[in-house]
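Structure record follows, encoded as structure tokens.
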Amino acid sequence: MFRINRENLRNSHEGPWLLLDIIMLGLLLLNLLFLLFDGLYNTAFIRDSLSAWSPAFVNFYDPIHKNFILVDLVFITIFLTEFFVRWIVAIKTEEYLRWYFFPFLRWYDLVGCIPLGGTRIFRFLRIFSILYRLHKNQIIDLNDTGIYRFFSFYYDVFVEELSDRIVVKVLTDAQQDIAAGSPLIDDITQNVLAPRRPVISSWMSNIVNHLGQSINDSKHGDVIRRHVKESVGKAVRENAQVSTLSYVPVVGRTIENTLESAVTDIVTASVVNLLTDLEARDIEEFVSSGLKDFTPEEQNLDKEFLLVVNECIEAIKGHVSQQRWKSQLIEKQQQKKAAKMKPVVDDSDVKQP
């Protein structure tokens, strides 16, 4: 059972309201028991049983039962008085952004005051409202109660099972649409990528420019330049026309090395200039004109893409379908079994020094 935190109660200055909540809680329980008894009294079995057991009680209660609506109006008057008092206080303390928010947020209090059989059940919600208000002010802690843990656990189970089934159903429908030949790639290309092509082109341009600047950098571009030098040098040496320069007496080898070095510098500078000077409009023009004849179907990219999407959805479904609440319940049961199997040390056999 929950305990009242006296320190938080003093600090919150909620003493009078706590007393009012306790009084209202008692009246609510009394009213609900009264409604339950009067409903049972309305049945022939209960009335005949009471007549056989205590005719005097039936004679006493029968006028109350016939005028039950008047008795219920006494409780309704008390509940409405408490409601309007809290409303006035909420307006003065500016508890809500608008003065008329209070009755909308406490609608169950007003509906429960309607003296009809179907609306009286909402009075039961006032009990939860009072308990929640005390819990919110940290005067009581509902987390320590077994009832709260019980309902909290099964509420989480219900929400998890319901949400998992909905998510799995949605993902399964998506898989069926994809398997039925849904033009997913065309939709992605036309509705997702095409409107963002300027942004994508600008992003690619920045990457390419940064790559060119990195190659031109004396420190970071050394690896690329060395690779270009080796590749160009190999190509120059394997070239038949250039290789004939080595036959020139005395200066042939020097001319070949100078030509290799010059070509390497020219190629490196050309690559750097190409990358650093490439703008977003150039990339966008290249994508729109140069790739218009590119068909992913020829390389079965669309099929592979759909397979990847389908496998990803299957992985998500497998993760969602895991019943985490069952794992938590099994873990708790194992902890209880381990606690029961834990040996108890008997100090009676220990010899006293």
> For Glu95, which residues count as a salt bridge (Lys or Arg N to Asp or Glu O under 4.0 Å) partner, sequence neighbours excluded?
Replying inline: none
> In terms of hydrophobic clustering (I, L, V, M, F, W, Y; side-chain heavy atoms under 4.5 Å; direct or indirect links), are Leu30 and Leu33 co-clustered?
Replying inline: no
>> Contact between Lys92 and Val89 at the side-chain level, heavy atoms closer than 4.5 Å - yes or no?
In response: no
> Between CD1 of Ile78 and SG of Cys113, what distance do you get to the nearest 0.5 Å?
Replying inline: 11.0 Å
> Can you name the residues that form a side-chain hydrogen bond (donor to acceptor under 3.5 Å, both in side chains) with Arg123, not counting sequence neighbours?
Replying inline: Asn31, Asp72
> Can you list the residues that meet the ring pair (Phe, Tyr, Trp, His ring centres under 6.0 Å) rule with Tyr108, with sequence neighbours excluded?
Replying inline: none
>> Using a 3.5 Å distance criterion without hydrogens, assess whether the side chain of Asp62 forms a donor-acceptor pair with backbone atoms of Val58.
In response: no
> So do the side chains of Arg86 and Leu20 get within less than 4.5 Å of each other, counting heavy atoms only?
Replying inline: yes
> Are any of the side-chain heavy atoms of Arg47 and Thr43 separated by less than 4.5 Å?
Replying inline: no
> CE of Met24 to OG1 of Thr81: how many Å apart, nearest 0.5 Å?
Replying inline: 8.5 Å
> Do Phe37 and Asn42 have side-chain heavy atoms sitting under 4.5 Å apart?
Replying inline: no
> What do the steps show when you test Phe34 against Leu29 for side-chain contact (heavy atoms from CB on, under 4.5 Å), and what is the final call?
Replying inline: CA-CA 8 Å; Phe34 195 21; Leu29 293 175; over 6 Å; no
>> Nearest 0.5 Å, please: how far is OG1 in Thr93 from CD1 in Ile88?
In response: 11.5 Å
> Hey, what do you get for CG (Asn59) to OG (Ser51), rounding to the nearest 0.5 Å?
Replying inline: 8.0 Å
> What residues form a ring pair (Phe, Tyr, Trp, His ring centres under 6.0 Å) with Tyr41, not counting sequence neighbours?
Replying inline: Tyr61, His65
>> Could you tell me if the side chain of Phe122 sits less than 4.5 Å from the side chain of Ile114, heavy atoms only?
In response: no
> How close do Leu171 and Ile316 get, heavy atom to heavy atom, and via which atoms?
Replying inline: CD1-CG2, 3.6 Å
> Do you reckon Trp53 sits in the same ILVMFWY cluster as Phe60, going by side-chain contacts under 4.5 Å, direct or chained?
Replying inline: yes
> For Tyr96, which fellow cluster members are found when Ile, Leu, Val, Met, Phe, Trp and Tyr are connected by side-chain heavy-atom distances below 4.5 angstrom, either directly or through intermediates?
Replying inline: Ile69, Leu70, Leu73, Ile76, Leu80, Phe83, Phe84, Trp87, Ile91, Leu97, Trp99, Tyr100, Phe101, Phe102, Phe104, Leu105, Leu110
>> If you compare all heavy atoms of Thr172 against all heavy atoms of Val168, which two are closest, and at what distance to 0.1 Å?
In response: OG1-O, 2.7 Å
> Which residues satisfy the side-chain hydrogen bond (donor to acceptor under 3.5 Å, both in side chains) test with Asn67, sequence neighbours excluded?
Replying inline: none
